[in-house]
Number of protein chains: 2
Amino acid sequence: MIDPICPKFEQAATLLGKKWVGLIIHQLLIGPKRFNELETEIKISGKMLSDRLKDLEQQGIVKRNVYNEIPVRIEYELTEKGKSLNPIMNELTTWAERWFE
Amino acid sequence: MIDPICPKFEQAATLLGKKWVGLIIHQLLIGPKRFNELETEIKISGKMLSDRLKDLEQQGIVKRNVYNEIPVRIEYELTEKGKSLNPIMNELTTWAERWFE
């Protein structure tokens with residue numbers, strides 16, 4: 001029997017199913033982060049991180065805060081839409097704890 | 001401040017963060033499926049689906065049931081480890097409903 005996939009679910013799963021996105025969101029749920037902090041924590045290339053952050057900004061999940069200090073300070077932060085991913089991450093943490101060594 | 005990522009979470013997020021995996025698990029949560037059903041529902045290439053299913057089998061998330069009928073019948077089914085992903089998928093469905101048109 002063919003069970004069609006709900007388009008909304010498909011969009012969400014495709015977005016969150018991109019490599020690195022889960023880890024980026026997980027880290028930003030801790031709090032706003034600088035680019036190099038994310039780069040270090042996730043062990044991701046600068047190019048890939050930049051692409052993913054732009055994508056997440058366009059999707060309204062991440063916002064980029066620029067602070068006019070010298071030198072200028074830039075931080076990435078989850079929007080409300082991004083922060084509402086928290087329950088998914090909590091369930092994923094629970095699953096990971098149970099099934100991975 | 002650098003917040004290291006828990007290795008267990010990283011393994012789980014990396015596994016589930018592979019393209020198509022979320023959709024494959026979502027469909028198998030409905031029930032056991034044949035290869036061509038998954039192919040049709042997810043609109044994924046046979047090669048990619050075969051690779052992902054082998055990967056998920058090795059991870060103990062999917063099992064392959066072979067029924068000695070004529071012709072032989074093969075179905076893919078979630079293991080207990082796979083079925084325990086259900087809460088994550090439910091949260092993802094809730095999030096998708098709220099944020100996508």
Side-chain angles (χ1 to χ4, degrees), chain A residues 1-34 36-44 52 59-61 79-101, chain B residues 1-34 36-44 52 59-61 79-101:
Chain A
M1 204 184 83
I2 297 298
D3 297 289
I5 300 174
C6 158
K8 289 182 181 181
F9 181 88
E10 190 164 12
Q11 285 180 71
T14 305
L15 168 64
L16 298 178
K18 278 192 176 180
K19 190 172 182 178
W20 307 107
V21 166
L23 294 177
I24 292 169
I25 289 166
H26 180 263
Q27 294 309 100
L28 290 177
L29 278 167
I30 298 167
K33 294 272 183 184
R34 296 190 191 193
N36 57 6
E37 287 173 329
L38 288 169
E39 237 180 341
T40 310
E41 292 168 5
I42 301 171
K43 299 177 210 75
I44 180 176
R52 288 293 182 264
Q59 297 279 346
I61 289 176
T79 60
E80 195 203 334
K81 181 177 179 181
K83 285 171 186 160
S84 65
L85 287 162
N86 199 38
I88 297 171
M89 292 296 159
N90 288 341
E91 291 293 353
L92 183 53
T93 302
T94 306
W95 188 75
E97 279 299 324
R98 178 173 171 197
W99 295 100
F100 287 83
E101 277 89 46
Chain B
M1 202 184 84
I2 297 297
D3 296 288
I5 300 175
C6 158
K8 290 182 181 181
F9 182 87
E10 190 164 9
Q11 286 178 71
T14 304
L15 167 64
L16 298 177
K18 278 191 176 180
K19 192 172 182 181
W20 308 106
V21 166
L23 294 177
I24 293 169
I25 289 166
H26 180 263
Q27 294 309 100
L28 290 176
L29 279 166
I30 298 166
K33 294 274 181 184
R34 295 191 192 192
N36 57 6
E37 287 174 328
L38 288 169
E39 236 180 341
T40 310
E41 291 168 6
I42 301 172
K43 300 177 208 77
I44 180 177
R52 288 292 184 265
Q59 296 279 346
I61 289 176
T79 59
E80 195 206 334
K81 182 178 178 180
K83 286 172 186 160
S84 65
L85 287 162
N86 199 38
I88 296 171
M89 292 297 159
N90 288 340
E91 291 293 353
L92 184 52
T93 302
T94 306
W95 187 76
E97 278 299 323
R98 178 173 171 198
W99 294 101
F100 286 83
E101 277 90 48

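Throughout, a chain's letter reflects where its sequence line sits, starting with A, and its residues are numbered from 1.
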To the nearest 0.5 angstrom, please state how far the [atom1] atom of [X] sits from the [atom2] atom of [Y].
{"X": "B:W99", "Y": "A:K8", "atom1": "CH2", "atom2": "NZ", "answer": "13.0 Å"}
{"X": "B:I88", "Y": "A:L16", "atom1": "CD1", "atom2": "CG", "answer": "11.5 Å"}
{"X": "B:S84", "Y": "A:E91", "atom1": "OG", "atom2": "CD", "answer": "10.0 Å"}

(message) Looking at B:E41 and A:D3, would you say the former's side chain and the latter's main chain have a donor-acceptor pair under 3.5 Å?
(response)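 Checked: pair present.
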(message) On a heavy-atom basis, which atom in B:L23 and which in A:A13 lie closest, and how many Å separate them?
(response)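 That closest heavy-atom pairing would be CD2-CB, 3.8 Å.
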Under a 4.5 Å heavy-atom cut-off, does chain B meet the side chain of [X], its backbone, both or neither?
{"X": "A:I42", "answer": "both"}
{"X": "A:Q27", "answer": "side chain"}
{"X": "A:E101", "answer": "backbone"}
{"X": "A:K81", "answer": "both"}
{"X": "A:I25", "answer": "neither"}
{"X": "A:R34", "answer": "neither"}
{"X": "A:L92", "answer": "both"}
{"X": "A:E39", "answer": "neither"}

(request) Using a cut-off of under 4.5 Å on heavy-atom pairs, state which of A:C6, A:G60, A:G17, A:G22 scores highest against chain B. (result)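 Looking at each option in turn, the highest pair count goes to A:G17.
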What option among [options] has the most heavy-atom pairs under 4.5 Å with chain A?
{"options": "B:K19, B:E10, B:K43", "result": "B:E10"}
{"options": "B:K33, B:H26, B:E97", "result": "B:H26"}
{"options": "B:L38, B:T93, B:L15, B:L85", "result": "B:L85"}

